[in-house]
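Structure record follows, encoded as C-alpha cells.
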4 protein chains.
Amino acid sequence: MGRKKAYTESELLDMTKKLLLEHGYEGFHVKLLSQHLIGARSTIYQYYANKEEIVAACMKRVIIKVIEKASAVDESNPMVALQQLLQVYVEESEFHQLLGDANKINAGVSVAVAQDLEYIEQSHEILKVQLMRLFGRSLQEGHLREDIPIPALISVFFNLVNAPNMMKLPLSKWSGLLFDMWLNGAKR
Amino acid sequence: MGRKKAYTESELLDMTKKLLLEHGYEGFHVKLLSQHLIGARSTIYQYYANKEEIVAACMKRVIIKVIEKASAVDESNPMVALQQLLQVYVEESEFHQLLGDANKINAGVSVAVAQDLEYIEQSHEILKVQLMRLFGRSLQEGHLREDIPIPALISVFFNLVNAPNMMKLPLSKWSGLLFDMWLNGAKR
Amino acid sequence: MGRKKAYTESELLDMTKKLLLEHGYEGFHVKLLSQHLIGARSTIYQYYANKEEIVAACMKRVIIKVIEKASAVDESNPMVALQQLLQVYVEESEFHQLLGDANKINAGVSVAVAQDLEYIEQSHEILKVQLMRLFGRSLQEGHLREDIPIPALISVFFNLVNAPNMMKLPLSKWSGLLFDMWLNGAKR
Amino acid sequence: MGRKKAYTESELLDMTKKLLLEHGYEGFHVKLLSQHLIGARSTIYQYYANKEEIVAACMKRVIIKVIEKASAVDESNPMVALQQLLQVYVEESEFHQLLGDANKINAGVSVAVAQDLEYIEQSHEILKVQLMRLFGRSLQEGHLREDIPIPALISVFFNLVNAPNMMKLPLSKWSGLLFDMWLNGAKR
DNA sequence: GATGAATGAGTTTTCATTCAT
DNA sequence: GATGAATGAAAACTCATTCAT
C-alpha cells in the first residue's frame with residue numbers, strides 16, 4: 001500500500017494560505033511551507049511541480065469558495081443582496097488581499113499555473129459582473145445617491161471589507177455595521 | 001573634494017519607495033534597487049550599511065512628510081479638520097501600505113534601524129492621538145452618530161484612503177467625495 | 001532513504017582543522033573548505049548554519065580528544081603525570097594554536113556556536129585545574145625549584161609544546177626530551 | 001606647500017604592526033588600518049601601492065630593529081651573549097609571531113614587496129647564523145649538555161620568547177628568569 | 001510514495017583599489 | 001597631496017528544485 005500521507009492536500013493549501021497572508025507573496029517560500037508541515041520539503045514536489053503551482057492552486061481554491069457563496073446570494077432584492085454579498089466578502093476578506101498578488105505569479109512556469117490563473121481571472125470577472133448588476137438595479141430602483149459616480153460608490157463599498165474589525169465583533173454583526181455605515185453615513 | 005555623486009540620497013529613497021510599493025517588503029532587493037539607479041550595487045553600501053537601513057530610512061522619510069502635513073491641519077473645527085486630514089492621508093495614501101511592513105524589519109541588524117523604527121512608531125502614535133482627539137471632539141459636538149461604536153467609525157474612516165481612485169479624479173476632489181460618502185452615506 | 005553522503009561530518013571537521021592550522025582563523029573560508037571536499041559549497045550549509053558553527057564544532061572536537069587523553073593520565077606520581085601530560089599536549093600540540101582563536105568567534109551568530117564555545121571554555125578550565133593540581137603536588141613533594149615563581153614554571157612548561165620538532169623525532173621521544181630539558185636544564 | 005600630512009609613515013607602520021598582532025595576517029585589512037588612522041582610506045595609497053607593501057614594509061622595519069639590537073650584543077663570552085640575545089628576543093618578542101606570516105605575503109604583487117621579502121629572509125638568516133655561532137662556541141667551551149641534540153637545544157631556547165609573561169615582570173628580569181630556567185632546569 | 005542529500009543560481013555584504021575633484 | 005565617490009571581485013548565505021535510495 002505504500003506509506004501513509006503525512007498531510008492532505010487540503011492541509012497543504014490551508015497552510016499556504018496562512019503563510020501567504022502572513023508573509024506576502026514574495027515572502028512565501030517552499031522551505032517555510034515545509035517547516036509548517038510534517039515531512040520533508042522534497043515531498044511537496046510529489047504534489048506540485050513548483051512553488052507557483054502551489055500558490056495558484058491555493059488562490060484558486062479560495063476564489064472557488066467565494067464564488068460558491070456569492071452565487072448562493074438571493075438577488076431578488078438588490079439592496080438586500082448587496083448586504084448579503086458584503087457579508088460574504090467580509091467572511092472571506094482575506095481573498096481580496098490574497099488575490100491581489102495573483103498577477104505576480106509567473107504564468108510561464110507550467111501549464112497548470114496558467115490554467116489556474118485563467119480560472120481565477122474568470123472568477124474575478126464573474127464577481128465583478130454580479131456586483132455591477134446589483135449596483136445597477138439598486139440605482140435604477142432609486143436606492144442610491146445619483147450625485148456620486150458609480151465607480152466611487154463601488155470602490156468604497158468593496159473597500160469596506162478591509163476595514164479592520166478591531167472590536168472583534170461576530171462577522172455577521174460587523175458586516176451589518178459596515179453596510180449601515182456605508183448606506184447611512186457617519187453623520188448624526 | 002572627491003567626485004560628485006551619481007545620485008542624491010533623496011533619489012535613492014524615492015526609488016526605494018517606488019519599489020517597495022511595487023514589490024512589497026519581501027520583494028525588495030538591493031540588486032533591484034541598484035538596477036533602477038545608475039552605478040554599481042556596492043555603491044549603495046557606501047550610504048547604508050544594509051538593506052534594512054535603506055527601508056527604514058525610506059519609511060521614516062515618508063512618515064515625516066505625513067506628520068508635517070497632518071500637524072499643519074487647522075483643528076479649530078473638528079469636522080473640517082477631519083476632512084482636511086482625510087485629504088492628507090489620501091494624498092499620502094501609500095504611507096499606510098508602506099508602513100504596514102515596518103514590523104517586518106529586523107531591528108537587530110543595526111542601531112540606525114532600531115532608531116528609525118522607534119521614530120516611526122512614535123510618529124504613528126502622534127497621528128493616532130490626533131485622530132482620536134478630532135473624533136472625540138466631533139462626537140462631543142454632536143456631529144457623529146452615537147449608535148456606531150467609535151472604533152468602527154474610525155476604522156472605516158481611516159480605511160477610506162485605500163479605496164482605489166479608479167476614475168483618477170484629482171486628489172482634492174476624490175478625498176472630498178470620500179468624505180462626503182463617509183459622512184452622508186450612499187443612500188439616496 | 002535519501003542518497004548517501006559524499007563525506008562524513010568527521011571528514012569535514014578534519015579538513016576544517018587542517019585548513020585552520022594552515023591559514024589561521026581569519027584565513028579560513030567556507031569556499032576554501034568546499035574546495036577541499038567533494039561537492040558544492042552549498043552542501044556544507046546543510047550541516048552547519050554558518051562558518052562560525054563549523055569552526056566551533058571543530059574546536060570542540062579537538063578539545064574533547066585532549067580532555068579524554070588528559071583524564072586518562074595516572075596522577076599517582078605528580079612528576080610522572082606531568083611528563084605524561086606533556087606527551088599528551090605534544091601529541092595534540094595543534095590544539096593550543098587552534099584554540100587560541102576561539103575568542104575570535106562571534107558567539108552571537110547562533111546558539112549552537114555559543115554552546116560549543118561555552119563547552120570549550122569549561123574544558124579549558126578543567127585542563128588548567130589539572131595542571132595546577134599536579135604542579136602543586138610536585139612542589140609540595142619537593143621536586144621543583146622554589147626560587148622560580150610557579151606561574152613562570154607553568155608558563156615555560158606549557159609553552160614547550162610549541163617548540164618545533166625540527167628533527168621529526170617520534171613524539172614520545174620528543175616529548176621525553178622536552179621534559180628532560182625542562183626539568184634538568186641545558187647546562188652541562 | 002600642499003596639505004599637512006595627517007600621520008607619519010612611522011605611525012602608519014606602528015598601527016599596522018599593532019593590528020597585525022591583534023588580528024593576524026589574514027585579519028589585517030586596509031579598511032581596518034584606515035579606521036585607526038586619521039584621514040581617508042584612499043590616502044594610504046599615496047604611500048603604499050597595495051596592502052602587501054604595507055605589511056612587508058612593517059615586517060622589514062621590525063626585523064631591522066631586531067638585527068640592530070642583536071648585532072650590538074657583545075659576543076666575547078658566548079653564554080653571556082646568549083643571555084643577552086634572549087633578552088633582545090624577549091623585548092621584541094612580537095617579531096617572531098609577526099614574521100611567521102611573512103611567507104603568506106604574495107610577493108608577486110609588486111617589486112617593492114619582493115625586495116622587502118628578500119631583505120627579511122636575509123635578515124632571518126643572519127640571526128640564525130649568529131645563534132648557531134653562539135651555540136657552537138658554547139658547546140665547544142663545554143657549557144651545554146651534549147646528550148641533547150643541538151637543534152632541540154636551540155628550538156627550546158628560541159621558543160622561550162613565546163612563553164607568556166603572566167606576572168608582567170619587567171622584561172630584563174623576565175628574560176633572566178627564562179634563561180635561568182632554560183639553563184638550570186626546573187628541578188630542585 | 002517519501003525523503004535525505006546535493007546543487008546551482010541568486011542575494012547580501014565586504015573590501016582593495018581606482019577615479020575625479 | 002588629500003579625499004569622497006565608485007566599483008568589481010569575492011565571500012557568506014538562501015532557496016527552489018532535482019537526484020538517488
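For the pair C:Glu52 CD and F:dA11 P, the computed distance is 16 Å after rounding to whole Å. Residue A:Lys31 contributes atom NZ, which lies 14 Å from atom C1' of E:dG10 at whole-angstrom precision. If you take CD of C:Glu11 and P of E:dA5, they are 14 Å apart, rounded to a whole angstrom. If you take CZ of A:Phe28 and C1' of F:dA16, they are 12 Å apart, rounded to a whole angstrom. The CG-P distance, from C:Asn50 to F:dC15, rounds to 14 Å in whole Å. Atom OH of D:Tyr48 is separated from atom P of E:dT18 by 17 Å (rounded to the nearest Å). Taking atom CZ on B:Arg3 and atom P on E:dT17, their separation rounds to 17 Å, with Å as the unit. To the nearest angstrom, P of E:dA2 lies 12 Å from CG of A:Leu12.
Under the ring pair (Phe, Tyr, Trp, His ring centres under 6.0 Å) criterion, B:His36 pairs with no residue, sequence neighbours left out. The salt bridge (charged side-chain N to carboxylate O under 4.0 Å, His left out) search around B:Glu22 returns B:Lys18, not counting sequence neighbours.
Across all strands, C:Tyr47 comes closer than 4.0 Å only to sugar-phosphate atoms, never to a base (heavy-atom distances).
A close approach under 4.0 Å does occur between a side-chain nitrogen or oxygen of A:His29 and OP1 or OP2 of F:dA16. An OP1 or OP2 oxygen of F:dT3 is reached within less than 4.0 angstrom by a side-chain nitrogen or oxygen of D:Thr43.
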Exercise for review: Let me see the working for D:Val113 and D:Asn50 under side-chain contact (heavy atoms from CB on, under 4.5 Å), right down to the final yes or no.
Suggested key: CA-CA 9 Å; D:Val113 171; D:Asn50 51 55; 4.2 Å; yes
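Separating the CZ atom in D:Phe95 from the CD1 atom in D:Ile64 is a distance of 13.0 Å, to the nearest 0.5 Å. Rounded to the nearest 0.5 angstrom, D:Lys60 NZ and D:Glu118 CD are separated by 11.0 Å. In this structure, CD1 in C:Ile63 is found 10.5 Å from CD in C:Gln122, a value given to the nearest 0.5 Å.
Counted by atom type alone, A:Tyr48 and A:Glu9 present one or more donor-acceptor pairs between their side chains at under 3.5 Å.
Looking only at distances, a side-chain donor or acceptor of C:Glu11 sits under 3.5 Å from a matching main-chain atom of C:Thr8.
Both C:Lys51 and B:Tyr7 lie near DNA chain F, and the one whose nearest nucleotide falls closer to the 5' end is B:Tyr7. Between C:Lys4 and B:Ala6, the residue anchored nearer the 5' end of DNA chain F, judged by the nucleotide with its closest heavy atom, is B:Ala6.
For the contact set between residues 99-114 of chain D and DNA chain E, defined by any heavy atom under 4.0 Å, there are no members. Contacts of residues 33-41 of chain A with DNA chain E (heavy atom under 4.0 Å): A:Gly39, A:Ala40.
One N or O donor and one acceptor, one from the side chain of C:Gln46 and one from the base of E:dT7, sit under 3.5 Å apart.
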Review point. Once Watson-Crick and G-U wobble pairs under 3.5 Å are found, how is DNA chain F written in dot-bracket notation, 5' to 3', with | for any base paired to another strand?
Key: .||||||||||||||||||||
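Contact detail for D:Ala107 and D:Leu117: the closest heavy-atom pair is CB-CD2, 3.7 Å.
Salt bridge status for D:Asp14 with D:Arg61: present, with a side-chain N to carboxylate O gap under 4.0 Å.
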Side chains of residues 25-34 of chain B: which donor-acceptor partners sit under 3.5 Å, not counting sequence neighbours?
from: B:Glu26; atom 1: OE2; to: B:Lys104; atom 2: NZ; distance (Å): 3.4
from: B:Ser34; atom 1: OG; to: B:Lys31; atom 2: O; distance (Å): 3.0

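Around CD of A:Gln35, the count of heavy atoms belonging to other residues, nucleotides or ligands within 6.0 Å exceeds 12.
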